[in-house]
Amino acid sequence: MTVDPRRAVATLPDILAGWRDRALIVAGFAAALRRSGHAGLEITRGDGRAWIEERPDGLAIHLDPQQIGAIGGGR
């Protein structure tokens with residue numbers, strides 16, 4: 001099954017919950033996150049595992065090094 005994220009977010013309501021869901025879908029698609037990756041994200045740097053950083057040019061998603069190893073073939 002192929003998913004088009006633009007079509008998925010276009011169907012969401014234009015309310016706060018819809019904006020939240022759009023952000024989750026777009027961030028998850030852009031970073032190729034699994035459900036556990038979504039669940040592990042923090043808004044600010046907490047334990048240093050995975051967090052979202054606001055920058056002048058947009059957002060940066062910092063991933064857990066163990067997740068990167070799993071995506072990149074492991075060690």
Side-chain angles (χ1 to χ4, degrees):
M1 179 170 97
T2 304
V3 176
D4 181 0
R6 288 174 287 199
R7 286 181 58 193
V9 299
T11 63
L12 296 169
D14 196 22
I15 59 174
L16 188 58
W19 299 341
R20 176 208 57 210
D21 293 347
R22 279 186 194 88
L24 287 171
I25 291 170
V26 171
F29 188 82
L33 296 175
R34 297 178 180 181
R35 286 179 291 201
S36 61
H38 264 127
L41 279 177
E42 298 179 6
I43 300 301
T44 59
R45 188 172 185 172
D47 65 359
R49 298 186 63 83
W51 73 95
I52 300 172
E53 175 187 5
E54 187 174 359
R55 295 182 174 178
D57 59 339
L59 298 175
I61 299 174
H62 300 271
L63 298 176
D64 182 346
Q66 292 176 349
Q67 283 186 317
I68 294 170
I71 294 168
R75 293 182 195 169

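Atom set for the values below is all heavy atoms of this structure, side chains included, hydrogens, waters and symmetry mates excluded. The residues of the chain are indexed from 1 along the displayed sequence.
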Does Leu33 share a hydrophobic cluster with Leu59, counting links as ILVMFWY side-chain heavy atoms below 4.5 Å and allowing steps through other members? yes

Is a side-chain donor or acceptor of His62 paired with a backbone partner of Ile52 at a separation under 3.5 angstrom? no

Here the pair of heavy atoms bringing Ala31 nearest to Ile61 is CB-CD1, 4.0 Å

All heavy atoms of Trp19 vs all of Asp14, minimum pair found to be NE1-OD1, 2.7 Å

What's the separation between atom CG in Asp4 and atom CZ in Phe29, rounded to the nearest 0.5 Å? 8.0 Å

Measuring only between side-chain heavy atoms, which start at C-beta, is Leu12 closer than 4.5 Å to Ile25? yes

